Amino acid sequence: MRYKKTASLFVLLLLTGILVSCHFRPKDLMVKRSQLLMGTLVEITVVSDDETRANEAINAAFREIKRLEDIMSTYIPSSDISRVNAAAGLHPVKVHEDLIRAVKRGLEFTELSGGAFNIAMGPAIDLWNVTQSDRIPLQDELEQVRPLLDYRNVIINEQEKTIFLKKKGMKINLGGIGKGFAGDYACRVLKNFGIKGGIVAVAGDVRVFGRKPDGSVWTIGIKHPRNKDDIIAAIHLTDGAVSTSGDYERFFIKKGKRYHHIISPETLQPAQGFQSVSVIAKDAVTSDALSTAIFVLGPKRGKMLLKKHGNILAINVLSSGIIQKLSPGGKTGLDVKIEILK
Ligand code: AMP
Ligand code: MG
């Protein structure tokens, strides 16, 4: 009898303990903030049971993106990349190892895409200057800079931590890969703060990890390239990245023709064939570089590049408006579900 009483008291205490701990266990919440960085809106969302910690993590992630911008932006005259470009044809420049890493990764994608994604496109990109002007450069002017676009003249010295551009007038431009770097690096910072899940969206480059507070995966919407309020696809993803390259973010229209910011190294004109290319990959550097590369290559060669890489998926809108879903055939290693909504 005495034993029974003690046992039931113990059960009661245990239940109360469970109830109390359930009640007081802090709940996961989502904290979302945005800042203007890299010339665009950066949105960071994190899942955490500690709001103060979440905000500290977000602050650190924003600082990380600012740090990368100060190294990789061609708009900042004192950045490492601007110093390299200013010394083209003159001498190697000592740079931060993150720039060495970014240029090396950039060159890997340049090789992989047969030069379609070309980090040495700076002089041609500057002639077009789509963000600030609506002047169409003469083909002669463009041809004059062609000899300055050879990526084999970008010389990295890893021991010395220097980059040298062999010809005067050469310019590296990491516009097609920099936001991916920002997404990946910012997520690494969040994880170092013990954050369990989050999203870093740097304009059209979105990196996610973990899950939402209710345990569900993240959903990334792909905008219609001709109607911003329309979503053409929903990507459900836990760990990975989605990047979109399009002819609708930075462009001008003259005599009914659209001129945009992604330049073909072959024609030196804005690349043709797509309205947008969205690539899903394990990391944002890959999705960023390959969405730009596939956009440059056009539908046929773009598909070949996707197959060659093997670990990415793509959702493209062709110039005709047709939506195309591409997969390389075999396993991609991505934990993703794609819903085409149109
Ligand atoms: P994204 O929005 O990631 O596709 O990148 C577009 C940006 O990449 C442009 O604004 C340029 O700074 C740069 N870019 C343009 N054409 C090329 C190219 N063929 N290869 C590499 N980067 C490019
Ligand atoms: Mg890109």
Side-chain angles (χ1 to χ4, degrees), residues 74 106-107 109-146 148-151 171-180 203-205 222-226 232 242-279 281 286-309 312 314-324 326:
T74 51
L107 286 172
F109 289 107
T110 301
E111 289 281 351
L112 183 80
S113 65
F117 177 86
N118 179 1
I119 60 157
M121 283 291 281
I125 293 167
D126 286 359
L127 273 177
W128 277 98
N129 194 17
V130 175
T131 21
Q132 273 143 53
S133 126
D134 64 354
R135 177 181 170 265
I136 301 164
L138 300 171
Q139 194 63 32
D140 268 2
E141 289 175 79
L142 291 163
E143 292 303 336
Q144 268 173 29
V145 301
R146 198 186 279 280
L148 305 175
L149 310 180
D150 189 343
Y151 61 88
K171 279 179 191 168
I172 305 174
N173 183 308
L174 297 176
I177 199 174
K179 297 196 198 80
D205 297 283
I222 308 280
K223 277 187 213 159
H224 192 292
R226 295 289 176 266
I232 59 161
V242 183
S243 290
T244 300
S245 293
D247 67 1
Y248 58 95
E249 296 276 350
R250 278 177 268 162
F251 71 96
F252 61 86
I253 292 177
K254 252 196 180 165
K255 292 189 182 152
K257 195 168 173 214
R258 181 183 287 257
Y259 297 89
H260 61 81
H261 65 132
I262 304 173
I263 312 298
S264 157
E266 285 169 354
T267 61
L268 304 183
Q269 295 290 318
Q272 300 298 308
F274 291 115
Q275 292 178 6
S276 73
V277 170
S278 299
V279 166
T286 305
S287 59
D288 192 4
L290 292 183
S291 64
T292 310
I294 292 174
F295 195 105
V296 170
L297 286 168
K300 211 167 146 201
R301 287 186 297 165
K303 193 172 177 179
M304 282 158 62
L305 175 62
L306 176 126
K307 289 204 162 160
K308 189 171 162 189
H309 188 276
I312 56 167
I315 296 151
N316 306 328
V317 182
L318 304 175
S319 296
S320 59
I322 290 173
I323 299 171
Q324 180 188 56
L326 292 181

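The first residue of the sequence shown is numbered 1, and numbering continues consecutively from there. Bear in mind the structure is a predicted one, so any value in this text is a computation, not a measurement. Only this structure's heavy atoms are used, side chains among them; waters, hydrogens and symmetry mates stay out.
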Using distance alone, with no hydrogens and no angle criterion, decide if Ser243 and Asp205 have a side-chain donor and acceptor under 3.5 Å apart. yes

Between Trp128 and Leu268 (side chain of the first, backbone of the second, donor and acceptor by atom type, cut-off under 3.5 Å), is there such a pair? yes

Would Leu318 and Phe274 count as a side chain to side chain contact (heavy atoms under 4.5 Å, CB included) if you check the C-alpha gap in whole Å, the side-chain angles of each, and the deciding distance to 0.1 Å? CA-CA 4 Å; Leu318 304 175; Phe274 291 115; 3.6 Å; yes

Any idea which heavy atoms bring Gly176 and Asp288 closest together, and the distance? O-OD1, 2.8 Å

Donor-acceptor contact below 3.5 Å, side chain Asn118 vs main chain Leu149: yes

Result block: side-chain N/O donor-acceptor pairs under 3.5 angstrom for residues 294-302, not counting sequence neighbours:
unit_1	atom_1	unit_2	atom_2	d
Arg301	NH1	Glu266	OE2	3.1
Arg301	NH2	Glu266	OE1	3.1

Value rounded to 0.5 Å, distance of CG in Leu290 from OG in Ser245: 9.5 Å

Rounded distance (nearest 0.5 Å) linking atom CD1 of Ile125 with atom CD1 of Ile262: 10.0 Å

With a 4.5 Å heavy-atom cut-off, do Lys171 and Asp126 have their side chains touching? yes

Taking all non-hydrogen atoms of both residues, which atom of Ala281 and which atom of Ile312 are closest, and how far apart? CB-CG2, 3.7 Å

Nearest non-hydrogen partners of Phe109 and Thr286, listed with the distance: CZ-CA, 3.7 Å

With salt bridge (Lys or Arg N to Asp or Glu O under 4.0 Å) as the rule and sequence neighbours excluded, what pairs involving residues 130-143 come up? Arg135-Glu141, Glu143-Arg146

For the CD atom of Gln269 and the NZ atom of Lys257, what is their distance to the nearest 0.5 Å? 6.0 Å

Exercise: identify the closest heavy-atom pair between Ile119 and Gly106: CG2-CA, 3.8 Å

Test your reading of the model: is there a side-chain donor-acceptor pair from Lys308 to the backbone of Leu112, 3.5 Å cut-off? yes

Mark yes or no for whether Gln275, through its side chain, and His224, through its backbone, hold a donor-acceptor pair below 3.5 Å. no

Keeping Glu249 on the side-chain end and Asp247 on the backbone end, is there a donor-acceptor pair under 3.5 Å? no

So does Gly246 get a backbone contact from the side chain of Ser276, meaning a donor-acceptor N/O pair under 3.5 Å? no

Test your reading of the model: is there a side-chain donor-acceptor pair from His260 to the backbone of Ala271, 3.5 Å cut-off? yes

Quick one, Ile177 with Thr292, criterion side chain to side chain contact (heavy atoms under 4.5 Å, CB included). Give me CA distance, side-chain angles, the key distance, then yes/no. CA-CA 8 Å; Ile177 199 174; Thr292 310; over 6 Å; no

Minimal heavy-atom distance between Val145 and Pro123, with the atoms involved, is CB-CB, 3.9 Å

Heavy-atom closest contact (Thr244 atom, Ser291 atom, distance): C-OG, 4.2 Å

Could you walk me through whether Val242 and Ile222 satisfy the side chain to side chain contact (heavy atoms under 4.5 Å, CB included) test, starting with their C-alpha distance in whole Å, then the side-chain angles of each, then the deciding distance to 0.1 Å, before giving a yes or no? CA-CA 9 Å; Val242 183; Ile222 308 280; 3.8 Å; yes

